[in-house]
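All remarks here apply to the structure that follows.
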Amino acid sequence: MSVRLLHNFYNRDVLELAPDLLGKKIIRSINGEVFEYFITEVEAYRGEEDRACHASKGRTKRTEAMYLEGGHIYMYLIYGMYWMFNIVAGTEGIPQAILIRSLKDFRGPGRLSRELRLDKSFYGESLVTSKRIWLENGIEVCDIKKGRRIGIDYAGEIWKKKEWRFFI
DNA sequence: AGCAAGATCGGT
DNA sequence: CCGATCTTGCTG
């Protein structure tokens with residue numbers, strides 16, 4: 001049987017948590033119906049010094065959720081039409097988040113949020129206590145691959161070279 | 001108050 | 001390659 005992942009799972013450095021998310025199950029409850037998805041690709045964004053991270057602009061209304069304790073959700077709208085689903089990592093006060101980039105049957109962060117029906121109303125919600133979305137243990141994964149993060153050419157040489165995208 | 005850009009996607 | 005579409009942070 002599977003149980004919900006709790007604070008001790010999320011309260012780790014984003015670079016440790018990100019690869020560990022691969023193979024985990026996202027449980028989404030919509031109108032009493034429960035759906036399961038497996039995480040297959042993620043990207044880590046780490047602290048105010050990471051110029052690819054939205055928190056590099058500092059603590060603003062938009063980035064506030066990233067400063068919460070690990071296990072919260074950071075949502076944001078991109079290009080005026082796609083919601084990005086991010087899981088906050090680490091301890092309170094240190095901005096770290098992981099973009100969920102692909103699921104087993106759904107590729108692309110915008111498409112998966114549409115499939116899971118995730119939007120602004122999930123901003124700041126806790127995966128530890130929410131009744132409509134949480135994580136459980138899934139399958140053991142081996143042979144985790146990594147590469148550069150996508151779509152962050154603006155971040156400058158040292159940050160765009162970081163291999164902080166993990167996938168299977 | 002106005003503006004440019006964006007952790008994307010789908011169609012040419 | 002390009003347009004859609006709108007929030008955000010920066011500038012003045």
Side-chain angles (χ1 to χ4, degrees), chain A residues 9-24 26 28 35 37-127 130 133-135 141 144-168:
Chain A
F9 175 74
Y10 299 104
N11 292 354
R12 296 181 280 159
D13 188 274
V14 72
L15 293 179
E16 185 183 334
L17 176 58
D20 207 18
L21 285 175
L22 298 174
K24 294 294 184 293
I26 297 177
R28 176 79 171 95
F35 303 89
Y37 306 88
F38 289 91
I39 299 173
T40 57
E41 182 179 14
V42 299
E43 262 175 14
Y45 289 86
R46 190 171 188 271
E48 293 180 345
E49 71 272 21
D50 177 3
R51 284 188 45 206
C53 181
H54 290 162
S56 63
K57 312 269 190 207
R59 195 165 186 154
T60 66
K61 183 147 187 285
R62 182 202 208 190
T63 61
E64 193 63 32
M66 255 197 277
Y67 289 78
L68 296 171
E69 181 184 18
H72 286 86
I73 294 174
Y74 167 50
M75 298 292 298
Y76 67 90
L77 185 69
I78 190 68
Y79 300 115
M81 52 182 102
Y82 300 108
W83 288 101
M84 301 287 104
F85 172 50
N86 297 255
I87 296 176
V88 176
T91 54
E92 187 180 351
I94 299 171
Q96 300 189 334
I98 298 158
L99 172 66
I100 307 303
R101 194 165 254 300
S102 300
L103 303 176
K104 176 170 168 291
D105 299 311
F106 301 95
R107 292 191 177 179
R111 294 185 61 202
L112 74 87
S113 285
R114 201 192 321 160
E115 167 67 22
L116 302 206
R117 295 198 227 168
L118 301 175
D119 55 30
K120 190 178 186 65
S121 74
F122 286 80
Y123 184 93
E125 190 150 319
S126 170
L127 292 165
S130 175
I133 187 167
W134 65 91
L135 262 57
V141 300
I144 292 175
K145 298 178 174 55
K146 60 181 179 178
R148 292 185 183 187
R149 294 174 290 179
I150 308 287
I152 54 148
D153 283 349
Y154 59 84
E157 284 304 310
I158 60 173
W159 298 105
K160 73 185 203 186
K161 282 183 180 163
K162 300 282 186 192
E163 298 199 316
W164 288 354
R165 181 168 59 98
F166 304 91
F167 57 102
I168 51 180

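Quick caveat: nothing in here was measured; it's all calculated off a predicted structure. Each chain gets a letter, A, B and so on, in the order its sequence line appears, and its residues count up from 1.
Side-chain contact check for A/Glu43 and A/Tyr45: at least one donor-acceptor pair (N or O, by modelled atom type) lies under 3.5 Å.
Side chains of A/Ile87 and A/Val42 form no contact here, defined as non-hydrogen atoms less than 4.5 Å apart.
Note: CD (A/Glu41) to P (B/dT8) measures 11 Å, nearest angstrom. Across the protein-nucleic acid pair, A/Leu77 atom CG and C/dG9 atom P stand 13 Å apart, rounded to whole Å. To the nearest angstrom, C1' of B/dA7 lies 16 Å from CZ of A/Phe167. Rounded to whole angstrom, the span from the CD1 atom of A/Ile152 across to the P atom of B/dA7 amounts to 9 Å. A/Met75 places its CE atom 14 Å from the C1' atom of C/dT7, with the value rounded to the nearest Å.
For A/His54 and A/Tyr76, the gap between ring centers is short of 6.0 Å.
Between the side chain of A/Glu48 and the backbone N or O of A/Ser56, no donor-acceptor pair lies under 3.5 Å. Looking only at distances, a side-chain donor or acceptor of A/Thr63 sits under 3.5 Å from a matching main-chain atom of A/Thr60.
At a non-hydrogen distance threshold of 4.0 Å, A/Tyr45, A/Ala52, A/His54 from residues 43-64 of chain A come into contact with DNA chain B. The stretch residues 79-116 of chain A comes close to DNA chain C through A/Tyr79, A/Gly80, A/Met81, each having a heavy atom under 4.0 Å from the strand.
Not a single donor-acceptor contact under 3.5 angstrom links the side-chain atoms of A/Tyr154 to the base of B/dA5.
Base pairing of C/dT5: no nucleotide in any strand meets the Watson-Crick or G-U wobble criterion (both distances under 3.5 Å). Using Watson-Crick or G-U wobble geometry with both donor-acceptor distances under 3.5 Å, B/dA7 finds no partner in any strand shown.
For A/Arg46 and A/Asp13, the salt-bridge test passes: some basic side-chain N is under 4.0 Å from an acidic carboxylate O. Ion pairing between A/Lys161 and A/Glu157 holds under the 4.0 Å rule for side-chain N and carboxylate O. Salt bridge absent: A/Asp153 and A/Arg148 never bring a charged side-chain N and a carboxylate O closer than 4.0 Å.
In terms of position on DNA chain C, the residue among A/Ile78 and A/Lys120 whose nearest nucleotide sits closer to the 5' end is A/Ile78.
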side-chain contact (heavy atoms from CB on, under 4.5 Å) between A/Arg101 and A/Ile150, intermediate numbers included: CA-CA 10 Å; A/Arg101 194 165 254 300; A/Ile150 308 287; 3.3 Å; yes

